Amino acid sequence: MSDLPEFIKSLYEKYRFLDDGSLASYIPELTKADPNWFAISIVTKEGEIFEVGDSQEHFTIQSISKVFVYGMALEDCDRQTLLEKIGVEPTGDPFNSVIRLDENSKRPDNPMVNAGAIATAGLIKGVNATDKLNRLLSMFRRYIGHDVFIDAPVFMSERATGHRNRALANLLLNFGIIGDNIEEILDLYFQQCSLIVNCHDLAVMAATLANRGINPITKQQAVKPCYIRDILSVMHTCGMYNYAGEWAYRVGIPAKSGVSGGIMAVIPDKAGIAVFSPLIDRRGNSIRGIKVFEDLSDQFNLHLFDSPLEKCSFLDISQSSQESMVIGNR
Ligand code: GLU
């Protein structure tokens, strides 16, 4: 079966009752999510939309934001300056690990673990905290294509309970990676994590990365094309927490997940795919999300190292007769 709309419908039915995993609880507000929420969204670089389930349900973007803020820091600082402060090595450690920072390099291993993401937030330019937040929101607006908002209760919840992130920020200050405006930097980091999105938005954001930084719906340039390579590389090697290696092996698509249950993946030059289901495994990845991506990758030979001859052209939508499809709760 190679028909995309039928296939994502079948994946939705196959996994909608899979209830392994649990809601993220270390950020208290996230326990308010409904474990039944489930959506799959695909947006092609031509702007076609295929989605099923709760694609309009709101949730906070959490760690997926790290990808986009990294792109902004690249634009603000340039590649070399950024590399001196934040590496690009996968850690194999959990996202919130403190230990790695303290080793030889004295810099966070990569921008997808919390230490690296907080360092990245510290590099965003602006004359004051409000200016930095406004610049960040404008950047997200370009990717999403409509107005964006921060979830205030989630932000407050993260800020009140983020002791570990505060410890990371202090270590970063100790190593001279960030300045002493720790609370301002942490606020920006908590705000980026508390951005409200839905599964459809995530697919549009991923499709923008697939389309050399141009939002396929609004046609607005969200990030300079020269940095797409950097962004996709760190997604590919570090985007799925300490499951990144196995993900690269099994699924083989650059992706990023967040503890609120989103997974966003980029098929370069083709499409963005997002899955949302808030039940996560112990590493922080959506369980239904992983299953859906494994099946999609297998079915359509999406793995980066599948032979080009075997690659199914389901995403070359413009050449086929498939029409955009939305099923479910819009
Ligand atoms: N705001 C969360 C934290 O810093 C993000 C975690 C995530 O999605 O991995 O812990």
Side-chain angles (χ1 to χ4, degrees), residues 21-33 58-70 86 90-101 108-122 124 133 136 140 150-172 178 182-197 199 201-202 205 234-235 237-244 247 255-265 274-287 289-290:
S22 50
L23 298 172
S25 59
Y26 75 102
I27 300 171
E29 273 296 309
L30 296 187
T31 58
K32 295 185 177 164
H58 287 142
F59 56 97
T60 53
I61 189 168
Q62 294 300 330
S63 262
I64 300 172
S65 64
K66 294 169 180 172
V67 168
F68 304 99
V69 182
Y70 185 59
I86 306 158
T91 65
D93 289 336
F95 68 99
N96 58 0
S97 167
V98 177
I99 299 116
R100 299 283 295 195
L101 185 63
D109 288 275
N110 69 67
M112 302 290 113
V113 287
N114 284 9
I118 294 167
T120 308
I124 295 306
L133 175 60
L136 200 87
F140 281 123
I150 303 284
D151 185 315
V154 172
F155 166 65
M156 296 303 281
S157 186
E158 291 212 35
R159 189 200 229 182
T161 58
H163 313 303
R164 206 176 168 91
N165 286 327
R166 208 157 268 116
L168 288 174
N170 276 288
L171 276 174
L172 290 167
I178 60 173
I182 285 188
E183 288 305 320
E184 180 190 309
I185 294 170
L186 282 170
D187 272 359
L188 193 65
Y189 171 70
F190 295 142
Q191 281 157 342
Q192 72 175 66
C193 291
S194 305
L195 184 86
I196 298 170
V197 291
C199 193
D201 294 335
L202 282 186
M205 296 167 95
V234 294
M235 282 174 71
T237 52
C238 317
M240 297 297 290
Y241 305 116
N242 37 338
Y243 188 70
W247 173 276
K256 182 75 197 88
S257 65
V259 289
S260 50
I263 302 181
M264 171 197 89
V275 179
F276 169 56
S277 163
L279 291 174
I280 58 172
D281 62 19
R282 63 191 162 80
R283 295 183 173 103
N285 294 318
S286 166
I287 291 184
I290 287 181

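Note that ligands are numbered from 1 as they come in the structure, with each ligand's atoms numbered from 1 the same way. This one's a predicted model, so the numbers in the text were calculated from it and none came from an experiment.
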Protein N/O near ligand 1 N/O, under 3.5 Å, which pairs?
residue, atom, partner, partner atom, Å
ligand 1, 1 (N), Q62, OE1, 2.7
ligand 1, 1 (N), E158, OE1, 2.6
ligand 1, 1 (N), E158, OE2, 3.3
ligand 1, 4 (O), N114, ND2, 3.1
ligand 1, 4 (O), N165, ND2, 2.9
ligand 1, 4 (O), Y189, OH, 2.7
ligand 1, 8 (O), S63, N, 3.0
ligand 1, 8 (O), S63, OG, 3.1
ligand 1, 8 (O), Y241, OH, 3.2
ligand 1, 8 (O), V259, N, 2.9
ligand 1, 9 (O), S63, OG, 2.5
ligand 1, 9 (O), Y241, OH, 2.5
ligand 1, 10 (O), Y26, OH, 2.7
ligand 1, 10 (O), N114, ND2, 3.4

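- Residues forming a side chain to side chain contact (heavy atoms under 4.5 Å, CB included) with S257 (at least two apart in sequence, or on another chain): M240, Y241, I263, N285.
- Among all heavy-atom pairs drawn from A115 and L172, the shortest one is O-CD1, 3.4 Å.
- In this view, I280 and A24, V259 satisfy the side chain to side chain contact (heavy atoms under 4.5 Å, CB included) rule, not counting sequence neighbours.
- Side-chain atoms of S65 and Q192 include a donor-acceptor pair closer than 3.5 Å.
- Qualifying side chain to side chain contact (heavy atoms under 4.5 Å, CB included) partners for E184, counting only residues two or more places apart in sequence or in other chains: A129, K132, N181.
- The line from CD1 of I61 to CG of L195 is 5.5 Å long, rounded to the nearest 0.5 Å.
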